[in-house]
Amino acid sequence: MSRGGHLKISTKKLFNGIIMEIEKSLILIIDDNTNNIQLLFDVMKTHGYNVLVANNGDSALNKVQAFSPDLILLDIMMPGMDGFETCRRLKADEKTKDIPVIFMTALTNTADKIKGFKLGAVDYITKPFHQEEVLARVNIQLKLRNLNRQLQQSQFQLMQAEKICSLGQLVAGVAHEVNNPVGFIAGNLEYTSNYIQDLISLLNLYQIHLPKPPVEIIRKVDEIDLDFLLEDLPKMINSMNLGIERITEIMESLRNFSRKDATEKKTADIHQGIDTTLMILSHRLKPNKVFPKIEVVKEYGDLPEVECYPGQLNQVFMNLLSNAIDAIEEEIKVSKSSIPQIRINTALTNNDSIKISIKDNGNGMSKEVRRKLFDAFFTTKSEGKGTGLGLSISYQIITEIHGGSLECFSSEGEGTEFVIHIPIK
Ligand SMILES: Nc1ncnc2c1ncn2[C@@H]1O[C@H](COP(=O)(O)OP(=O)(O)OP(=O)(O)O)[C@@H](O)[C@H]1O
Ligand SMILES: [Mg+2]
């Protein structure tokens with residue numbers, strides 16, 4: 001099981017357009033001198049920070065991994081691993097490299113200060129400490145860090161919005177383009193049907209009043225099999241009408257799929273959303289020169305309507321299903337043993353929430369991939385094919401916007417299952 005969370009800011013609030021303050025910041029003090037620790041601890045605590053302490057480099061590195069502090073105060077002179085080495089290791093690790101480090105050094109030691117900056121520290125404070133100065137420097141670095149995170153978050157939000165928007169626009173655009181010719185056919189079909197009825201009744205009149213037509217007409221009647229034609233023509237018109245009705249329904253569901261409902265909660269039929277998504281993806285499920293047909297098995301339970309943002313849930317279905325298709329195609333490239341299949345199971349759970357499971361027998365994923373799965377911009381696909389945003393967007397939509405959960409069960413070569421739980425209200 002894996003979950004996301006590279007970006008720590010509450011994105012829920014950002015969704016509503018409000019950039020919130022970060023929760024109480026966590027500061028890690030690394031120093032071997034108990035007096036220094038005590039002094040800094042008191043200053044930070046009284047000014048509302050959460051504080052962690054470590055009295056050597058090794059213990060510090062462990063604590064950083066476990067608690068992801070927002071800022072580190074790091075003493076240079078320590079027995080064992082010194083501050084420089086500790087800093088070097090922090091900066092070498094992808095997970096900890098962005099945590100700002102402030103060095104603590106003796107007032108006079110310029111060489112140390114320079115070395116600290118070269119290793120990636122953002123600032124230094126000098127011993128003996130002046131409380132006000134320590135606080136000012138810590139504050140400014142935390143503000144910078146928060147600003148940076150907010151920028152990152154806004155960029156993420158923008159890309160996400162654009163992705164949702166472009167799919168919606170594409171679908172809406174196609175629906176719009178198809179709408180005109182369909183209307184055209186539907187409108188004319190009604191007249192055609194009436195004209196044909198008129199012609200048929202005229203023909204009937206001829207037959208009544210001219211029961212003995214000339215030979216040429218008799219021959220023609222025979223040649224075109226008039227009786228069959230008259231019987232078949234209304235049926236044909238009927239099936240054309242059914243076809244048009246079906247196209248109109250499809251257009252309607254496409255319009256629903258792409259509607260702009262980002263700000264309004266509605267009750268919606270989840271199965272309809274999944275079906276429309278499958279329809280949009282149908283060209284990838286059908287067999288072609290390279291890939292065989294992907295079988296879709298629907299095990300739909302009895303679901304009530306769900307209070308949700310339907311357009312956003314459709315976006316989640318789209319992401320999960322296209323990932324499943326990608327994974328199946330990858331698997332087919334290496335082995336053609338099993339029948340490609342996507343299984344969609346839905347059920348009502350505890351009467352107050354629903355469960356949707358989307359399971360594929362594609363190539364599955366390694367532990368490493370599973371760990372990063374929901375991280376923004378994480379992708380194993382080639383450039384241009386994947387942006388690595390699908391699942392992080394889906395994760396946010398399900399957890400933060402709908403108060404639900406999104407879990408992944410998968411192992412390499414064993415296929416993958418994604419399970420969504422969302423409350424009905
Ligand atoms: N059903 C799946 N089976 C196997 N691997 C998967 C599956 N779903 C996701 N993954 C892995 O997780 C990665 C991240 O998925 P995500 O949907 O976030 O991004 P993407 O599909 O690579 O790109 P994007 O969705 O932005 O076009 C994928 O690159 C893939 O390695
Ligand atoms: Mg994807």
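Counting starts at 1 for both ligands and their atoms, in listed order. These numbers come from a predicted model, not from an experiment.
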Query raised in the report: Between Asn363 and ligand 1, which part of the residue brings a heavy atom under 4.0 Å of the ligand: side chain, backbone, both or neither?
Result: side chain
Requested in this report: Output yes when the distance from some N or O of ligand 1 to some N or O of Val369 is under 3.5 Å, and no in every other case.
Outcome: no
Query raised in the report: Run the ring-ring contact (aromatic ring centres under 6.0 Å, His included) check on Phe103 and Phe84 step by step: do they pass?
Result: CA-CA 9 Å; Phe103 268 108; Phe84 293 131; 5.6 Å; yes
Query raised in the report: Between Thr416 and ligand 1, does any nitrogen or oxygen pair lie at a separation below 3.5 Å?
Result: yes
Query raised in the report: Is the distance from the Mg ion (ligand 2) to the nearest N/O/S atom of Thr379 under 2.8 Å?
Result: no
Requested in this report: List for me each residue that meets side chain to side chain donor-acceptor pair (under 3.5 Å) alongside Asp360, sequence neighbours excluded, and say none if there are none.
Outcome: none
Requested in this report: Check Leu320, Leu321, Asp275, Val297 against Ile344 for a side-chain contact (heavy atoms from CB on, under 4.5 Å) and give me the one that passes.
Outcome: Leu321
Query raised in the report: Of all the heavy atoms in Gly362, does at least one lie under 4.0 Å from an atom in ligand 1?
Result: no
Query raised in the report: Which of the listed options, Ser322, Ala376, Ser392, Gly388, holds the heavy atom that is closest to atom 19 (O) of ligand 1?
Result: Gly388
Query raised in the report: Applying the side chain to side chain donor-acceptor pair (under 3.5 Å) test to Glu133, which of Gln131, His130, Arg137 qualifies?
Result: Arg137
Query raised in the report: For ligand 1, is any non-hydrogen atom under 4.0 Å from Asp326's backbone (N, CA, C, O), its side chain (CB onward), both, or neither?
Result: neither
Query raised in the report: Could an N or O of ligand 1 be found under 3.5 Å from any N or O of Ala327, whether backbone or side chain?
Result: no
Report task. Would you check whether Thr379 has a nitrogen or oxygen atom less than 3.5 angstrom from a nitrogen or oxygen atom of ligand 1? Result -> yes
Query raised in the report: Going through the checks in order, is the salt bridge (charged side-chain N to carboxylate O under 4.0 Å, His left out) test met by Lys333 and Glu329?
Result: CA-CA 6 Å; Lys333 282 184 203 159; Glu329 290 182 351; over 6 Å; no
**Report entry** ligand 1-proximal atoms of Thr380, by part, heavy-atom distance under 4.0 Å
**Finding:** both
Report task. Could you label the plane-to-plane angle of the His271 and Tyr300 rings as parallel, tilted or perpendicular, counting under 30° as parallel and over 60° as perpendicular? Result -> parallel
Report summary line: Taken in chain and number order and not counting sequence neighbours, the residues that satisfy ring pair (Phe, Tyr, Trp, His ring centres under 6.0 Å) with His421 are none
Query - Proximal atoms of ligand 1 relative to Gly386 (non-hydrogen, under 4.0 Å) - result: 23 (O), 27 (O)
Requested in this report: May I have the step-by-step check of side-chain contact (heavy atoms from CB on, under 4.5 Å) for Ile27 and Leu52, ending in yes or no?
Outcome: CA-CA 6 Å; Ile27 295 175; Leu52 265 177; over 6 Å; no
**Report entry** Polar contact flag for Leu391 and ligand 1 (N/O pairs, less than 3.5 Å)
**Finding:** yes
